[in-house]
Amino acid sequence: MNKVKYLVPNFFTGLSFAMGLCAIIIMVHGIINPSYSSFFITAHRSLIIIAGWLLVWCVLFDKLDGFAAKALNASSEFGAQFDSMADLVSFGIAPSMLVFSFIYSTQGTWYSSNKALVIGSVLFFSLCAAIRLARFNAIDVEELAVWFRGLPSTIAGALIICSVLIYAKYDLITQYPAAAYFLPGLLVFSGILMVSTLYLSKLVPRKSKAINVFQIINIAGAFICGFATLFPEYLMGMIVLYLSVGFIYGFMKRNLITADARSAKQPG
């Protein structure tokens with residue numbers, strides 16, 4: 001029974017990994033045949049957008065993985081490494097490929113003129129995600145209990161994914177051609193944040209009941225909207241709010257965090 005409990009978090013990790021791969025495969029089909037349609041795929045919900053929502057599900061399953069590991073006390077070295085491999089695919093490679101697929105399939109002329117920018121930003125984001133995950137496993141996982149050092153790859157991926165879904169929903173590039181530069185720029189900006197030394201507060205229980213209720217309600221809302229494939233604006237708003245408050249709070253507490261981390265390294 002003790003070993004069986006480890007299957008639960010690893011099951012969610014496996015789902016995230018598999019869906020990330022499926023999303024990339026769907027993107028390839030979307031590039032090859034962007035006009036493909038069926039009873040559930042329309043002009044407003046293309047293969048690229050289906051892939052985007054699958055990646056949202058990857059984010060949710062990743063959170064379920066962490067919740068299950070804590071609830072069952074089923075954390076393990078294997079689980080940590082497996083989770084990192086899944087994260088690299090689902091939140092490091094797939095989101096950047098989503099940007100590439102979306103721009104390539106909907107803005108072919110613009111892509112041809114800005115090929116180096118798009119490909120370069122895709123490579124940069126994926127590389128930063130790999131560095132971020134390696135650094136987390138090697139250093140930060142035990143050093144900081146309630147803080148992230150830099151932007152987690154899961155949240156960085158979610159930020160990119162929701163941006164593409166909003167772009168597609170409101171056809172922003174057609175209405176505002178200059179907006180096409182935003183997505184590659186966001187890949188670069190998110191990549192820099194991932195490898196930065198900025199501190200971001202984790203979503204953990206607080207002393208304030210009001211804050212805890214707010215967190216629970218919005219986490220539940222994110223799961224409902226995510227699995228129902230609705231309201232990417234709400235998901236994006238929650239991400240931006242969390243990052244804004246979390247990074248500002250981390251900046252205010254940076255000296256205390258650094259001092260605590262140094263004292264934790266000292267023996268005895």
Side-chain angles (χ1 to χ4, degrees), residues 9 12-13 15-17 19-20 23 52 55-70 75 79-99 121 124-164 186-206 215 218-219 222-223 226 232 235-251 253-254 257-258 261:
F12 287 123
T13 300
L15 277 179
S16 179
F17 181 80
M19 285 192 174
L55 293 178
V56 171
W57 289 10
C58 289
V59 176
L60 301 180
F61 282 126
D62 182 74
K63 296 307 174 188
L64 289 175
D65 158 26
F67 175 77
K70 291 179 181 178
S75 299
Q81 298 302 324
F82 186 27
D83 186 67
S84 288
M85 296 301 101
D87 286 355
L88 180 58
V89 172
S90 300
F91 312 124
I93 298 173
S96 58
M97 287 302 299
L98 183 68
V99 171
S121 65
F124 182 79
F125 180 88
S126 299
L127 178 61
C128 288
I131 294 172
R132 155 77 198 177
L133 290 165
R135 187 183 73 181
F136 178 79
N137 283 348
I139 303 172
D140 294 342
V141 67
E142 294 183 356
E143 183 178 333
L144 301 171
V146 296
W147 297 93
F148 292 115
R149 194 199 308 271
L151 179 63
S153 59
T154 305
I155 302 175
L159 184 67
I160 300 300
I161 296 160
C162 290
S163 296
V164 173
L186 187 60
L187 284 174
V188 173
F189 180 67
S190 300
I192 292 172
L193 285 180
M194 278 193 285
V195 298
S196 73
T197 56
L198 296 174
Y199 294 110
L200 175 67
S201 178
K202 294 182 180 180
L203 287 175
V204 295
R206 305 291 176 178
Q215 288 185 163
N218 283 287
I219 289 173
F223 272 85
L235 299 175
M236 185 69 163
M238 288 299 99
I239 294 170
V240 172
L241 177 62
Y242 167 60
L243 294 182
S244 300
V245 174
F247 274 128
I248 291 174
Y249 187 56
F251 181 78
K253 296 287 186 178
R254 66 191 184 282
I257 299 168
T258 303

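One-based numbering along the sequence shown. Reckoned from all heavy atoms, side chains included, excluding hydrogens, waters and symmetry mates. This structure is a prediction, so every number in the text was calculated from the model and none was measured.
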What's the spacing between [X] [atom1] and [Y] [atom2] if we round to 0.5 Å?
{"X": "D87", "Y": "C58", "atom1": "CG", "atom2": "SG", "result": "9.5 Å"}
{"X": "N218", "Y": "L203", "atom1": "CG", "atom2": "CG", "result": "10.0 Å"}
{"X": "L60", "Y": "I219", "atom1": "CG", "atom2": "CD1", "result": "11.0 Å"}
{"X": "K253", "Y": "I248", "atom1": "NZ", "atom2": "CD1", "result": "14.0 Å"}
{"X": "S90", "Y": "D62", "atom1": "OG", "atom2": "CG", "result": "8.0 Å"}

request  = Please state whether the rings of F82 and F17 are parallel, tilted or perpendicular, taking 30° and 60° as the class boundaries.
outcome  =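 Tilted: the ring planes of F82 and F17 meet at 30° to 60°.
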
ask   = Do the numbers put K202 on top of the ring of F148, so that NZ or CZ is under 6.0 Å from the six-membered ring centre and no more than 45° off the axis?
value =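 Yes, a cation-pi geometry.
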
If you take all heavy atoms of [X] and [Y], which pair is closest and at what distance?
{"X": "S121", "Y": "L187", "value": "OG-CD1, 3.5 Å"}
{"X": "P95", "Y": "F125", "value": "CB-CE2, 4.3 Å"}
{"X": "S126", "Y": "S96", "value": "OG-OG, 3.0 Å"}
{"X": "S190", "Y": "A156", "value": "CB-CB, 4.5 Å"}
{"X": "S153", "Y": "M194", "value": "CA-SD, 3.8 Å"}
{"X": "A129", "Y": "L88", "value": "C-CD1, 4.5 Å"}

request  = Can you establish whether the number of heavy atoms outside F189 located under 6.0 Å from its atom CZ is more than 12?
outcome  =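 Count not over threshold, so no.
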
query = Does CZ in F223 sit with more than 12 non-hydrogen atoms of other residues, nucleotides or ligands closer than 6.0 Å?
reply =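 More than 12 within 6.0 Å, yes.
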
Between [X] (side chain) and [Y] (backbone), is there a donor-acceptor pair under 3.5 Å?
{"X": "R135", "Y": "V195", "result": "yes"}
{"X": "S16", "Y": "F12", "result": "no"}
{"X": "R132", "Y": "L193", "result": "no"}

Within-4.5 Å side-chain heavy-atom neighbours: [X] and [Y]:
{"X": "T258", "Y": "Y199", "answer": "yes"}
{"X": "L98", "Y": "I160", "answer": "no"}
{"X": "L133", "Y": "F91", "answer": "no"}
{"X": "T154", "Y": "K63", "answer": "yes"}
{"X": "P152", "Y": "L200", "answer": "yes"}
{"X": "D83", "Y": "M85", "answer": "no"}

inquiry  = Under 3.5 Å, is there a donor on one side chain and an acceptor on the other for T13 and D65?
reply    =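 Indeed, the side chains of T13 and D65 share at least one donor-acceptor pair under 3.5 Å.
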
Indicate every side-chain donor-acceptor pair of residues 236-245 with a distance under 3.5 Å to a residue at least two apart or in another chain.
unit_1: Y242; atom_1: OH; unit_2: S201; atom_2: O; d: 2.6
unit_1: S244; atom_1: OG; unit_2: V240; atom_2: O; d: 2.7

